[in-house]
Amino acid sequence: MFAVRAAEHVTGIVPALIVWLSIRVKWPVVLGLPVDAIFALVGGVIVLSLIVDWWMTRFSVGPDGVTFATGLVFRRSTSLAWSEVASVQTSRSAAGRALGCSRVLIGIGAQSKANLVIEAVPEAVATEIEDLFEAYRARPASRPQHPAVASATESAGHRPDAVDREEGHPAGEDDLIYRIRPRDYFMLSVTYGQFLLVVPFLFGLYENVATLLPWAAATPDLPDGTAALWVLAGTVLVLAVPVAIGFGTTVAWLRYRSFEVRLRGSVFAMTGGLVSAESRQVSRSQVAGIKIQQNPLMRATGHARLNVVARQSGERIGANVVFPAARLAFLRNEIRSHFPAYAAAADESHPVRRSVTWGLLTVNAVVLTAAGVAASSLRPVTAGALMVVLALVLLIASNYCWVAVRLDPDGAVLSFRRGFLWVTHYVVPLDSVYFVHSHQIAAHRVSIGAVCLGIYDSRAVRLWVPAHGTALTDQFIESTTSAAMLRGKEKMA
């Protein structure tokens with residue numbers, strides 16, 4: 001457990017060591033105490049807490065459920081029956097794979113309870129936990145299903161605890177739905193390679209931080225050039241794109257190697273990964289929405305990424321099963337086959353208001369023109385790099401503001417779409433929206449503003465929608481009220 005914790009928290013340990021080295025050189029004594037003693041005391045307390053956590057944590061699993069106990073002064077004990085467990089997820093980091101252990105996250109169905117996390121579990125025990133969970137799911141007892149999914153499934157002639165045999169997914173069999181291909185790594189390259197474009201900023205950050213460190217700064221100098229500003233900007237972009245794509249493809253291969261999704265009866269099972277091996281399961285009855293994402297390369301080639309989100313503790317939604325990259329037509333067929341309640345909204349393309357389009361074009365043109373005039377006095381290569389960075393920032397900002405939303409009170413579904421290059425499309429039930437805020441500016445009979453919708457993904461997410469007046473807010477309130485009344489009548493019936 002100590003080795004796994006150290007490897008997983010290296011992003012926090014390394015900055016702490018850098019801060020310690022920089023402070024001890026400039027100020028060896030703080031408030032009359034040696035800096036080394038202060039950091040040694042803090043590190044000792046952290047190590048001691050880990051020892052207590054390891055020594056006092058006990059758990060057991062069996063056919064009836066899971067028991068878990070931890071704590072020294074305040075002892076906390078948890079007993080769970082498998083009927084309360086919504087999902088079982090296991091992950092193995094690089095350190096965990098080397099040491100033969102996994103991290104098990106047990107999703108609890110009760111809204112008042114939190115997820116149960118068991119760390120540094122031997123792989124054999126983690127496999128046993130998954131097998132016991134699958135054995136319980138295989139029992140003939142029916143499980144509760146989300147109202148939106150249940151109504152649409154029954155109306156389409158599907159049974160909640162079985163899969164449609166006509167779609168090629170017989171119930172009770174271990175069907176392979178998705179397996180990652182070499183081309184999919186390339187489709188994911190833009191998603192991970194775009195972060196390589198921030199490397200020039202890291203050089204400047206290093207120069208500023210190096211003044212506090214015991215070693216000197218040594219960053220490369222950009223060469224001079226005599227070409228035009230826009231030619232240099234294009235050259236910088238052309239050279240950076242292949243490097244970013246190669247880096248992104250490598251990262252995608254390390255993360256999703258041997259990735260696949262299977263359907264076992266009515267349970268989706270996801271496995272794969274090289275650096276961090278993942279194993280997740282979720283029942284169809286627990287699915288409460290989908291999220292479709294596309295990077296620019298996926299959008300140009302007709303591919304997409306699909307996240308199947310499922311109910312978790314505290315009314316949250318967690319991304320349990322992921323299709324990293326596949327053809328959009330294939331993903332839509334899978335949605336129609338397994339989640340008919342969200343199929344119509346997932347196929348729709350929502351138009352964006354013309355006022356938003358023209359406003360974004362005008363702002364981008366003005367900012368780029370002003371920046372080009374201001375950067376003409378700088379070194380050509382530096383000015384070209386800055387113009388490329390500014391263009392990317394404006395593109396990302398415009399993509400974030402390119403949004404549309406649609407409410408379906410009959411199906412109790414919210415459909416939200418954002419972006420024209422990096423696309424994010426949420427389709428979730430209305431009861432996953434936990435607040436709506438309207439921000440308006442009214443002047444001379446012209447009202448402009450935005451509506452903020454709060455939904456639960458794997459974390460709380462705010463969806464901003466440009467709007468005129470309060471029509472969208474009123475529509476949301478009316479749709480939510482109508483959906484709640486409909487669900488109340490169905491429950492009473």
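The figures that follow rest on heavy atoms only: side chains count, while hydrogens, waters and symmetry mates do not.
- Note: F416 and Y426 have tilted aromatic rings, judged against thresholds of 30 and 60 degrees for the angle between ring planes.
- For the pair V322/E278, no side-chain contact is recorded, criterion being any heavy-atom separation below 4.5 Å from C-beta on.
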When you look at T67 and S60, which way does the side chain to side chain donor-acceptor pair (under 3.5 Å) test go after all the steps?
-> CA-CA 5 Å; T67 60; S60 63; 2.4 Å; yes

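- In this structure, L105 and L116 have side chains that are not in contact, with every pair of non-hydrogen atoms separated by 4.5 Å or more.
- The structure places CD1 of I51 at 9.0 Å from CE of M1, a figure rounded to the nearest 0.5 Å.
- A donor-acceptor pair shorter than 3.5 Å can be found between the side chains of E130 and T90.
- Formation of a donor-acceptor pair under 3.5 Å by the W82 side chain with backbone atoms of G62 is found in this model.
- Residue R255 holds its CZ atom at 15.0 Å from OG1 of T250, rounded to the nearest 0.5 Å.
- Considering CD of Q293 and NE2 of H425, their distance stands at 12.0 Å, rounded to 0.5 Å.
- Electrostatic pairing of R264 and D175 does not count as a salt bridge here, judged by no charged N lying under 4.0 Å from a carboxylate O.
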Between L99 and V4, does a side-chain contact (heavy atoms from CB on, under 4.5 Å) hold up when you go through it step by step?
-> CA-CA 8 Å; L99 298 172; V4 171; 4.0 Å; yes

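- Counting heavy atoms from C-beta on, the side chains of L368 and L390 come closer than 4.5 Å.
- Smallest separation of non-hydrogen atoms from F247 and G193: CD2-CA, 4.2 Å.
- Side chain of R299 to backbone of F420: a donor-acceptor contact under 3.5 angstrom is found.
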Apply side-chain contact (heavy atoms from CB on, under 4.5 Å) to the pair F59 and V121, showing each step before the final yes or no.
-> CA-CA 10 Å; F59 74 93; V121 178; 4.2 Å; yes

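- Taking all atoms of both residues into account, the shortest heavy-atom contact from I180 to S258 is CG2-N, 4.2 Å.
- Distance check: L297 CG to L421 CG gives 11.5 Å after rounding to the nearest 0.5 Å.
- Look at D53 and R5 and you find a salt bridge, because one of the NZ, NE, NH1 or NH2 atoms lies within 4.0 Å of a carboxylate O, short of that distance.
- What you find for C401 and V356 is that their closest heavy atoms are O-CG1, 3.9 Å.
- Here the side chains of Y400 and R418 are in contact, with some heavy-atom distance below 4.5 Å.
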Could you go step by step and tell me if L395 and W422 meet the side-chain contact (heavy atoms from CB on, under 4.5 Å) rule?
-> CA-CA 10 Å; L395 184 63; W422 290 270; 4.0 Å; yes

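- Here the side chains of P242 and I245 are not in contact, with every heavy-atom distance at 4.5 Å or above.
- A donor-acceptor pair under 3.5 Å links the side-chain atoms of N295 to the main chain of M187, judged by distance alone.
- The distance from the OG atom of S415 to the CD1 atom of I290 is 8.5 Å, given to the nearest 0.5 Å.
- In this structure the side chain of R103 reaches within 4.5 angstrom of the side chain of V117, judged on heavy atoms.
- For the pair V403 and L463, the minimum side-chain heavy-atom distance is 4.5 Å or more.
- Environment of CZ in R183: crowded, with over 12 heavy atoms of neighbouring residues, nucleotides or ligands closer than 6.0 Å.
- For the pair D184 (side chain) and R181 (backbone), a donor-acceptor distance under 3.5 Å is present.
- Residue Y185 is tested with F259, Y256, Y192 for a side-chain contact (heavy atoms from CB on, under 4.5 Å); the sole match is Y256.
- The shortest non-hydrogen separation linking A304 to Q294 is CB-CG, 3.6 Å.
- Between the R305 side chain and the A326 main chain, no donor and acceptor come within less than 3.5 Å of each other.
- Taking the six-membered ring where tryptophan is involved, the planes of F323 and Y178 are perpendicular, since the angle between them exceeds 60° and thus also 30°.
- A centroid separation of less than 6.0 Å is found between the aromatic rings of F268 and F339.
- Here the side chains of Y342 and P429 are in contact, with some heavy-atom distance below 4.5 Å.
- Although no hydrogens or angles enter the test, the distance criterion places a donor-acceptor pair under 3.5 Å between the side chain of S49 and the main chain of I46.
- Shortest non-hydrogen contact noted between S279 and T271 is OG-CG2, 3.9 Å.
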Where do V427 and K291 land on the side-chain contact (heavy atoms from CB on, under 4.5 Å) test, with the steps shown first?
-> CA-CA 6 Å; V427 180; K291 179 169 68 172; over 6 Å; no

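- The two atoms that bring C101 and R92 nearest to each other are O-CG, 3.5 Å, heavy atoms only.
- Note that the CD atom of E119 and the OG atom of S102 stand 12.0 Å from one another [nearest 0.5 Å].
- Ion pair E334/R332 not flagged as a salt bridge, since none of the NZ, NE, NH1 or NH2 atoms sits closer than 4.0 Å to an Asp/Glu carboxylate oxygen.
- The residues E348 and R417 are annotated as not salt-bridged, no charged nitrogen and carboxylate oxygen being separated by less than 4.0 angstrom.
- Taking 4.0 Å as the cut-off between side-chain N and carboxylate O, R262 and E260 count as a salt-bridged pair.
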